[in-house]
Amino acid sequence: GFVSIQGEVNFGKRIELYINKKIMETIKIENSKWQYNSDKIIDYGLHDLLVVLKSDKNEILDKKIFPIIIPYSPPANLSL
């Protein structure tokens, strides 16, 4: 499945987003808002999503971990 997440912050310059400790993207904050839409399929199951807020000096200002579940979807051409 794909992952989509967005947020709004009062400070900071960018977001680093990780899934299972692997960096997925660095996102520039524009007008206090940020958004991520994965372009890669994430395997089904339970994953850890880590969002790290960083300053313009690359300092960690805040971080949050979210458990996410990607449900299994059988292929559309699967016949029983």
Side-chain angles (χ1 to χ4, degrees):
F2 294 96
V3 174
S4 293
I5 186 171
Q6 62 185 7
E8 191 168 336
V9 295
N10 294 324
F11 50 86
K13 289 292 182 184
R14 66 182 175 282
I15 296 288
E16 289 181 356
L17 192 130
Y18 299 79
I19 296 179
N20 298 332
K21 300 181 181 178
K22 179 181 175 189
I23 190 157
M24 302 305 288
E25 189 148 345
T26 299
I27 306 158
K28 183 179 176 184
I29 297 169
E30 297 180 21
N31 298 320
S32 300
K33 297 181 181 181
W34 61 272
Q35 182 174 343
Y36 172 74
N37 297 303
S38 64
D39 56 355
K40 296 178 184 175
I41 295 176
I42 309 299
D43 290 337
Y44 71 91
L46 181 63
H47 302 276
D48 288 326
L49 178 113
L50 171 64
V51 178
V52 180
L53 175 63
K54 290 207 164 177
S55 72
D56 57 347
K57 296 179 182 176
N58 206 33
E59 299 167 321
I60 295 175
L61 302 173
D62 198 4
K63 60 183 175 180
K64 302 286 184 205
I65 298 175
F66 302 94
I68 58 171
I69 297 175
I70 306 293
Y72 174 74
S73 297
N77 61 354
L78 180 68
S79 59
L80 301 174

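In this chain, residues are counted from 1 in sequence order.
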Checklist outcome for this item: Residues Phe2 and Ile41: closest non-hydrogen pair is CZ-CG1, 3.5 Å
Checklist entry - Is the backbone N or O of Asn20 less than 3.5 Å from a side-chain atom of Asp48, with the two atoms forming a donor-acceptor pair by type? => result no
Next on the checklist: If I take atom CD from residue Glu25 and atom CD from residue Gln35, how far apart are they, to the nearest 0.5 angstrom?
Outcome noted: 10.5 Å
Checklist entry - Do Ile69 and Tyr44 share a hydrophobic cluster (ILVMFWY, side-chain heavy atoms under 4.5 Å, transitive)? => result no
Next on the checklist: Distance check, rounded to the nearest 0.5 Å: Leu53 atom CG versus Leu61 atom CG?
Outcome noted: 4.5 Å
Item to check | Residues forming a side-chain hydrogen bond (donor to acceptor under 3.5 Å, both in side chains) with Tyr36, sequence neighbours excluded | outcome: none
Checklist entry - Val3, Ile65: one ILVMFWY side-chain cluster at the under-4.5 Å cut-off? => result no
Item to check | Val51/Asp62 under side-chain contact (heavy atoms from CB on, under 4.5 Å): CA gap, chis, key distance, verdict | outcome: CA-CA 8 Å; Val51 178; Asp62 198 4; over 6 Å; no
Checklist outcome for this item: Rounding to 0.5 Å, atoms NZ (Lys22) and NE2 (His47) come to a distance of 12.0 Å
Checklist entry - Side chains of Ile42 and Met24: does their closest heavy-atom pair fall under 4.5 Å? => result yes
Next on the checklist: Taking Phe66 as the starting point, is it possible to reach Ile70 by hopping between hydrophobic residues whose side chains are less than 4.5 Å apart?
Outcome noted: yes
Item to check | Rounded distance [0.5 Å steps], CG in Leu50 versus CG in Leu17 | outcome: 7.5 Å
Next on the checklist: Hydrophobic clustering (ILVMFWY, side-chain heavy atoms < 4.5 Å, transitive) - are Ile68 and Trp34 grouped together?
Outcome noted: yes
Next on the checklist: Do Tyr18 and Leu49 make a side-chain contact, defined as non-hydrogen atoms from C-beta onward lying under 4.5 Å apart?
Outcome noted: no
Item to check | side-chain contact (heavy atoms from CB on, under 4.5 Å) between Ile29 and Ile15, worked out | outcome: CA-CA 7 Å; Ile29 297 169; Ile15 296 288; 4.1 Å; yes
Checklist outcome for this item: salt bridge (charged side-chain N to carboxylate O under 4.0 Å, His left out) test vs Glu16 passes for just one of Lys64, Lys28, Lys54, namely Lys54
Item to check | Among Asp56, Asn58, Thr26, the one residue meeting side-chain hydrogen bond (donor to acceptor under 3.5 Å, both in side chains) with Arg14 | outcome: Asn58
